[in-house]
Amino acid sequence: MDMAARPSLADPADDAARGAVRGGVRLLLRLEGLVLAAAAIAFYAHRGDSWWLFAALFLGPDLSFAGYLGGSRIGAAVYNAAHATLLPAALLAVGLALGVPLATQLATIWLAHIGVDRLVGYGLKYTDGFGFTHLGRIGPAAPRG
């Protein structure tokens, strides 16, 4: 994108130009997060896995914040890799197919984390900075109201 045509980071109306969803679509994506989190937690409970392990690892994907030490481009890539459903879904499939309980547990905890993040509005990041997500702005830059 040409820098001259790039939306202003200061104007909340430019979220749509940056690809952030609004209105009913945003609500739908957040409800999908709720369903993902609830399904992962129910699956974990159904399997009878360790809640100590769940509690200890639930915030693990947030260690990806450290990627921002390398700048916003690297930070967004690392954060998005840890907060997209692709990797944990693949790990879950492998864990179930090969009968590897630890892989299944890790993937389920990871998916629950992603679901809760989406539910509360933490979306995948743009390289504009940590507060710019596909679900809209978060943090001090977030529009009020």
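Starting from 1, each residue takes its place in the sequence as its number. On a predicted model such as this, the values are computed, not experimentally measured, just so you know.
- At a threshold of 4.5 Å between side-chain heavy atoms, the hydrophobic network of Ile, Leu, Val, Met, Phe, Trp and Tyr places Leu102 and Leu87 in one connected group.
- Here the straight-line distance linking atom CD of Glu32 with atom CG of Leu27 works out to 10.5 Å at 0.5 Å rounding.
- A heavy-atom distance below 4.5 Å is not found between the side chains of Gln105 and Leu57.
- When side chains are defined from C-beta on, Ile114 counts as touching Leu36, because their heavy atoms get closer than 4.5 Å.
- Note on Leu28 and Leu119: separate hydrophobic clusters, where clusters join Ile, Leu, Val, Met, Phe, Trp and Tyr whose side-chain heavy atoms are under 4.5 Å apart, directly or indirectly.
- Note on Val94: it does not cluster hydrophobically with Phe43, by side-chain heavy-atom contacts below 4.5 Å among ILVMFWY residues.
- Val100 and Leu53 end up in different hydrophobic clusters when Ile, Leu, Val, Met, Phe, Trp and Tyr side chains are linked at under 4.5 Å.
- Here the shortest heavy-atom pairing between Trp110 and Pro61 reads CD1-CG, 3.6 Å.
- Using a distance-only test at 3.5 Å, with no hydrogens or angles considered, no donor-acceptor pair links the side chain of Arg118 to the main chain of Gly123.
- Relative ring orientation between Phe130 and Phe65 is described as perpendicular, the plane-to-plane angle rising above 60° on a 0-90° scale split at 30° and 60°.
- Here the side chains of Leu111 and Leu92 are in contact, with some heavy-atom distance below 4.5 Å.
- Of all the heavy atoms in Ala40 and Ala112, the pair that sits closest is CB-N, 3.7 Å.
- Within the 3.5 Å criterion, the main-chain N or O of Ser50 finds a donor-acceptor partner in the side chain of Tyr44.
- When the side chains of ILVMFWY residues are joined at heavy-atom separations under 4.5 Å, either directly or via intervening members, Leu59 and Leu106 end up in a single hydrophobic cluster.
- Environment of CH2 in Trp51: crowded, with over 12 heavy atoms of neighbouring residues, nucleotides or ligands closer than 6.0 Å.
- Residues Arg47 and Pro101 have side chains in contact (heavy-atom distance under 4.5 Å, counting atoms from C-beta outward).
- Other residues, nucleotides and ligands contribute at most 12 non-hydrogen atoms within 6.0 Å of the CZ atom of Arg73.
- Residues Gly95 and Ala103 share a closest heavy-atom pair of CA-CB, 3.8 Å.
- Smallest separation of non-hydrogen atoms from Thr133 and Lys125: CG2-NZ, 3.4 Å.
- Taken to the nearest 0.5 Å, the CD1 atom of Ile41 stands 10.5 Å off from the OG1 atom of Thr108.
- Remark: side-chain polar atoms of Asp117 are not paired, donor with acceptor, to backbone N or O of Tyr122 under 3.5 angstrom.
- More than 12 heavy atoms of other residues, nucleotides or ligands lie within 6.0 Å of CZ in Phe54, so this atom counts as buried by the packing criterion.
- Taking each heavy atom of Ala107 and Pro88 in turn, the nearest pair found is CB-O, 3.3 Å.
- Taking CG of Leu86 as the start and CG of Asn80 as the end, the distance is 12.0 Å to the nearest 0.5 Å.
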